[in-house]
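What you see is a predicted model; the values in this text were computed from it and never measured. In what follows, every heavy atom counts, from backbone to side chain, and hydrogens, waters and symmetry copies are set aside.
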Amino acid sequence: MVQGTLYIVSAPSGAGKSSLIQALLKTQPLYDTQVSISHTTRAIRPGEKDGEHYFFVDKEAFREMIEHDAFLEHAEVFGNYYGTSRETIEQILASGVDVFLDIDWQGAQQIRKKMPQARSIFVLPPSKDELDRRLRGRGQDSEEVIAKRMAQAVAEMTHFAEYDYLIVNDDFDLALSDLKTIIRAERLRLSRQRLRHDGLITKLLAD
């Protein structure tokens, strides 16, 4: 069976990577493309389901998974742990399904070391002014918080050159089309096509 591809997608807050991934998934069948579900130790919130939004575990179980090198990447955020299960990702990829992982540049660095065959995509906003407008458009942050988010965004964007692909999200539909094009190109790689069309190639080259 053709192995699926793991896609790492990173961007500063407000660049639109989560919206792009969700829009992409609506155009792709589940047997082709899925989004990675992380493990976390934070409490489950109203409306969330275990195994759908996150895999909810306690801190002791999470630490045991760390000791057994069960995560492709993990981090502690505000006292709670988050991590991407190696076994879960490998099982999905082995079934031929492409997996998208919405993650920051630090997590991306961890994953590249363990899965160098993964493809990575960085999403940039069209300008600082537009990024500032999008952050303010949420209407839930103070000026101080927005200033911190902008400074953090600039720091995150300095890592764009570590990625395989770069998308500028100026026009959402065009950015989504770019994302689909990347997937299409990866699926047309010789290594994948050779496996997918092995029978045809054998017949075409037969004497």
Go through the steps for Phe71 and Thr84 under the test side-chain contact (heavy atoms from CB on, under 4.5 Å), then give the verdict.
CA-CA 5 Å; Phe71 293 112; Thr84 303; 5.5 Å; no
Where do Asp132 and Lys128 land on the salt bridge (Lys or Arg N to Asp or Glu O under 4.0 Å) test, with the steps shown first?
CA-CA 6 Å; Asp132 182 82; Lys128 284 186 178 179; over 6 Å; no
Let's go through Ser13 and Leu135 carefully: what are the C-alpha distance in whole Å and the side-chain angles of both, what is the deciding distance for side-chain contact (heavy atoms from CB on, under 4.5 Å) to 0.1 Å, and is it a yes or a no?
CA-CA 8 Å; Ser13 178; Leu135 291 175; 3.9 Å; yes
Checking side-chain contact (heavy atoms from CB on, under 4.5 Å) for the pair Leu131/Met150: CA distance, chi angles, key distance, verdict?
CA-CA 8 Å; Leu131 185 61; Met150 285 296 295; 4.0 Å; yes
Derivation and outcome, side-chain contact (heavy atoms from CB on, under 4.5 Å), residues Val123 and Ser10
CA-CA 6 Å; Val123 181; Ser10 303; over 6 Å; no
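Remark: Phe55 CZ is packed, more than 12 non-hydrogen atoms of other residues, nucleotides or ligands lying under 6.0 Å away. No more than 12 heavy atoms of other residues, nucleotides or ligands shown are found within 6.0 angstrom of NZ on Lys148. The number of heavy-atom neighbours closer than 6.0 Å to CD of Glu87, taken from other residues, nucleotides and ligands shown, is 12 or below.
Tyr81 and Ile103 fall into different hydrophobic clusters, defined by Ile, Leu, Val, Met, Phe, Trp and Tyr side-chain heavy atoms under 4.5 Å apart, directly or through other members. Linking ILVMFWY residues whenever their side-chain heavy atoms come closer than 4.5 Å, directly or via other members, places Leu25 and Ile121 in the same cluster.
Within the structure, side chain to side chain donor-acceptor pair (under 3.5 Å) contacts touching residues 48-58 (residues at least two apart or in different chains) are Arg42-Glu48. For residues 15-25, the salt bridge (Lys or Arg N to Asp or Glu O under 4.0 Å) pairs, not counting sequence neighbours, are Lys17-Asp102.
Here Glu67 does not pair with Arg63 in a salt bridge; the nearest charged N to carboxylate O distance is not below 4.0 Å.
The line from OG1 of Thr33 to NZ of Lys26 is 15.0 Å long, rounded to the nearest 0.5 Å.
Partner of Glu73 under the side-chain contact (heavy atoms from CB on, under 4.5 Å) criterion, chosen from Arg86, Arg112, Gln110, Gln109: Gln110. Of the candidates Ile182, Ile21, Leu179, Leu101, Tyr7 forms a side-chain contact (heavy atoms from CB on, under 4.5 Å) with just one, namely Ile182.
Of all non-hydrogen atoms in Glu156 and Ala11, the two that sit nearest each other are OE1-O, 3.9 Å. Closest non-hydrogen pair, Ser120 versus Glu162, comes out as OG-O, 4.1 Å. Taking every heavy atom of both residues into account, Leu176 and Ala23 meet most closely at CD2-CB, 4.0 Å.
Judged by distance alone, the side chains of Thr5 and Glu186 never bring a donor and an acceptor atom under 3.5 Å apart. No side-chain N or O of Arg149 forms a donor-acceptor pair with one of Gln152 less than 3.5 Å apart.
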